[in-house]
Amino acid sequence: MAEQERTHVQTDETATTEVTAEVDVVVVGLGVGGEETANRLAAAGLSVVGIERDLVGGECPFWGCVPSKIMIRAANALAEARRVDQLAGQARVEPDFSIVAKRIREEATAGWTDDAGVERFTSRGGRFVRGSGRLVGPGLVRVGDETFRARVGVVLGTGTTPVIPPVPGLAGTPYWTNREAMELSELPGSVVILGGGAIGAEVAQVLARFGVRIGMVEAGERILAQEEPESSERVAAALRADGVTVHTGARAERVEHDGSGFTVHLTDGDQLRGERLLVATGRRAVLDTLGLETVGLDPTARFVATDDRMRAGDGIWAVGDLTGHGAFTHVAMYQAGIAIDDILRRAGVLGDTAGEGPRADYRALPRVTFTDPEVGAVGLTERQARDRGLNVRTAFTPLSESSRGWIHQVGDEGFIKLVADADRGVLVGATSAGPVGGEVLSALAVAVHAEVPVTTLARMIYAYPTFHRAIETAVRELLQ
Ligand SMILES: Cc1cc2nc3c(=O)[nH]c(=O)nc-3n(C[C@H](O)[C@H](O)[C@H](O)COP(=O)(O)OP(=O)(O)OC[C@H]3O[C@@H](n4cnc5c(N)ncnc54)[C@H](O)[C@@H]3O)c2cc1C
C-alpha cells in the first residue's frame, strides 16, 4: 500500500509537525524482532518505514549470539583437543585467537557493517531511515527532522542495553561490555568479569580456554541464578576446572583503574586484578527516550507490557527483549511472527479464512547457556513450580550414569532434571545439561509445550546409546 506524502498534524511537542509520509507501518529498531517484522510486512505488500540507529540486525548477529557462539565453537575445539590425551593419544594445542577474531570480523559481521541487512529490507520495498526513532503521538514517529504517520500502527523493537552497576570508581573507566568483548582482535592477559549470568559464564570459559586469566564476581549466592542450582554447580565447577576464579556472594565494592588495568575490591575483602574489566551484570530496556507517554504508555516501566498478540496499545505493538520475556533471539522471532499476523489482519491483508491468529504462550520458553557443559532448560525450574503452589515431583539423573555418558567419558558432565506437575501428570519444566544439552532439550521442550503425559513419555522408544536416552531414565524415576 503506497506511501502518501506530506501533511501537517498536531503533536504534543510542537504546535504542528509536518508529516513526511504516511505509510502502513513504522518499525522502530531493526534488531532481531524489528527486522523480521519489517521485512515480512514489506514482503506482504505493506508500505513500511524501518528505523535503526545502529546496525540492522541488532545485538545478536553483531555483538551477541553469533560472535559469542563462534568463539565458543573455537574454545570447545581447544577443550576437546586437550581431552585427546585421555582418549586417543597425544595432541598439542596452541591457541590462536586471531583466527576467531578474523572469522567474526570478516565472515559474521562484515566488519560491523549492515549493508546486507539494509538491502534485505529495501529489496522488499521497505523504506530505511538511519536514526533514533521516537513516538510523538498516536501513530506518529519522529526520526531526525522527519515525522512518519503509520496508518496501521507502530512496532517497537528497541531491545536492551547493558546495565552498568553504580560501583564507585567504575564510571569513566574503559570497561568492556559485550560489545568490546565481541570486537576483540587480541586477547589481554587477564580479565575480571562482573556478573555470573549466561553472558559472563560463556565469555569466561572462552577466554580461559584461550589462556586468559579470569576472575569472575557474582553478587548472588550462585552463578546462572535463573537456572536450577544443579546447573549453577556444574557450570561453576567446569569454569574452575578451566582455571576461572569464581567469587560468589561477593559484590564489587570499588573499582580502581590505572595504566596497567583494573583492581576490583570485593565486599568479602578480596581483590581481583585484571588488564580488562567486563561488565556483564544484566541488560535493561531503555524506555524513557521512546516517547511512550505520547501514546499513553508508561516510560518509567521496566518493560513494555503487551497482550498475547504483542499489542502494547491501540495501533502499537512491541517485540523482543523490551517486552521482558527473557533476552533471547528465539523469543524476539516468535513474538515477531505473532505481531506480523496481527498486523496483517488489522491491515486487511489476511482475510477471515486465515483462522484464529497465534497467541503468545511462554509456558515452554527454552533457553540455552552455551558453556561446556551446555545447559538447556525449558519452562519452570523446581523453585518456580513450587512457588506457584504446584504439586511438584522431580527426577534427576546424571549423564555419566547413562551408557552414552560412560562411553563419552572425559567431558561427560551433565544431567537431566525433570519438574512435573504430579496432579496433571505432565512436565512443567526440565533441564538437560551436558555435551549437547541444548540439542537434547528439544525433546523436553516438545513435552512441556504439548503437555505430553509423563506416562506417554515412559512408553516411547529412545535411541541407544544417545545422550537423550537419559530422559527415559529420569521419566521412569518420576513414575516410581
Ligand atoms: C553476548 C550476548 C550473547 C547472546 N547470546 C544469545 C544466544 O545464544 N541465544 C539467544 O537467543 N540470545 C542471545 N543473546 C540475546 C539476543 O542477542 C537478544 O535477545 C536479541 O538480540 C533481542 O532482539 P531484539 O530485537 O529485542 O533487540 P536487539 O537485537 O537489541 O535490537 C534492537 C535494535 O533497536 C535499535 N534501537 C534502539 N533504540 C532505537 C531507537 N530509538 N530508534 C532506532 N533504533 C533503535 C538498536 O540499535 C538495536 O539495533 C545474546 C546477547 C548477548 C549480548
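When a ligand or atom number is given, it counts from 1 through the structure's own listing order.
Using a distance-only test at 3.5 Å, with no hydrogens or angles considered, a donor-acceptor pair links the side chain of E218 to the main chain of G220. Side-chain N or O atoms of D242 include none that pairs as donor or acceptor with a backbone N or O of V244 at under 3.5 Å. Checking side-chain atoms of T371 against main-chain N and O of E374 turns up no donor-acceptor pair under 3.5 Å. Here the side chain of D114 pairs a donor or acceptor atom with the backbone of V56 at under 3.5 angstrom. Judged by distance alone, the side chain of N178 and the main-chain N or O of W63 form a donor-acceptor pair under 3.5 Å. For E180 (side chain) and T177 (main-chain N/O), a donor-acceptor pair under 3.5 Å exists by modelled atom type.
Under a 4.0 Å criterion applied to the non-hydrogen atoms of G33, ligand 1 contributes the atoms 25 (O). Close approach of ligand 1 to D54 is summarised as follows: ligand atoms under 4.0 Å from at least one heavy atom of the residue are 47 (O). Under a 4.0 Å criterion applied to the non-hydrogen atoms of C60, ligand 1 contributes the atoms 17 (O), 21 (O). If you number the atoms of ligand 1 from 1 as listed, the ones under 4.0 Å from a heavy atom of L290 come out as 41 (N). Close approach of ligand 1 to V28 (heavy-atom distance below 4.0 Å) involves ligand atoms 40 (C), 42 (N). Taking a cut-off of under 4.0 Å to the non-hydrogen atoms of R283, the atoms of ligand 1 that pass are 53 (C). Taking every heavy atom of G159 and a limit of under 4.0 angstrom, the matching atoms of ligand 1 come to 26 (O), 27 (O), 30 (O), 32 (C). Every atom of ligand 1 is numbered from 1 in the order shown, and the set under 4.0 Å from a heavy atom of G157 is 32 (C), 33 (C), 34 (O).
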Q) Can you list the steps and then say if F467 with H408 is a ring pair (Phe, Tyr, Trp, His ring centres under 6.0 Å)? A) CA-CA 10 Å; F467 289 114; H408 197 76; 5.3 Å; yes

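At a 4.0 Å heavy-atom cut-off, ligand 1 touches W63 through the backbone alone. Contact annotation for V32 and ligand 1: heavy atoms of both the backbone and the side chain come within less than 4.0 Å of the ligand. Contacts of I199 with ligand 1, taken as heavy-atom pairs under 4.0 Å, involve the side chain alone.
With respect to atom 31 (O) of ligand 1, the closest heavy atom belonging to the protein is G31 CA, 3.2 Å. Of the protein's heavy atoms, G133 O, 3.1 Å lies nearest to atom 41 (N) of ligand 1. From the protein, the heavy atom lying nearest to atom 6 (C) of ligand 1 is C65 SG, 3.4 Å. Nearest to atom 51 (C) of ligand 1 among the protein's heavy atoms is G64 CA, 4.0 Å. Remark: minimum distance from atom 39 (C) of ligand 1 to any protein heavy atom is reached at T158 CG2, 3.5 Å. Closest protein heavy atom to atom 53 (C) of ligand 1: N178 ND2, 3.2 Å. The protein heavy atom nearest to atom 15 (C) of ligand 1 is A327 O, 3.4 Å. The closest protein non-hydrogen atom to atom 20 (C) of ligand 1 is T329 OG1, 3.7 Å.
At least one heavy atom of G131 sits less than 4.0 Å from an atom of ligand 1. Heavy-atom distances between V368 and ligand 1 stay at or above 4.0 Å for every pair.
Nearest to atom 30 (O) of ligand 1 by heavy atom, out of R179, Q335, E59, R130, is E59. The closest heavy-atom contact to atom 36 (N) of ligand 1, among the options R367, R53, E35, comes from R53. The nearest non-hydrogen atom to atom 46 (C) of ligand 1, considering only K69, E52, R134, comes from E52.
Polar contact with ligand 1: absent for F370 (N/O pair, distance under 3.5 Å). The distance criterion of under 3.5 Å between nitrogen or oxygen atoms is met by D321 with respect to ligand 1. Of the N or O atoms in F328, one or more lie within a sub-3.5 Å distance of an N or O in ligand 1.
Aromatic ring centres of H257 and Y175 lie farther apart than the 6.0 Å criterion allows.
Of all non-hydrogen atoms in S47 and R151, the two that sit nearest each other are OG-NH2, 3.6 Å. Residue A445 comes nearest to A364 through the heavy atom pair O-CB, 4.1 Å, listed as atom of the first residue, atom of the second, then distance. Across P67 and P61, no two heavy atoms sit closer than the pair CD-O, 3.4 Å. A pairwise comparison of heavy atoms in T431 and A377 identifies OG1-CB, 3.9 Å as the closest pair.
At most 12 heavy atoms of other shown residues, nucleotides or ligands fall within 6.0 angstrom of atom CZ in R251. Within a 6.0 Å sphere centred on NE2 of H449, other residues, nucleotides and ligands contribute 12 heavy atoms or fewer.
Residue pairs meeting the salt bridge (charged side-chain N to carboxylate O under 4.0 Å, His left out) criterion with at least one member in residues 37-49, sequence neighbours excluded, are E36-R40. Identified under the salt bridge (charged side-chain N to carboxylate O under 4.0 Å, His left out) test for residues 63-75, with sequence neighbours left out: K69-E202.
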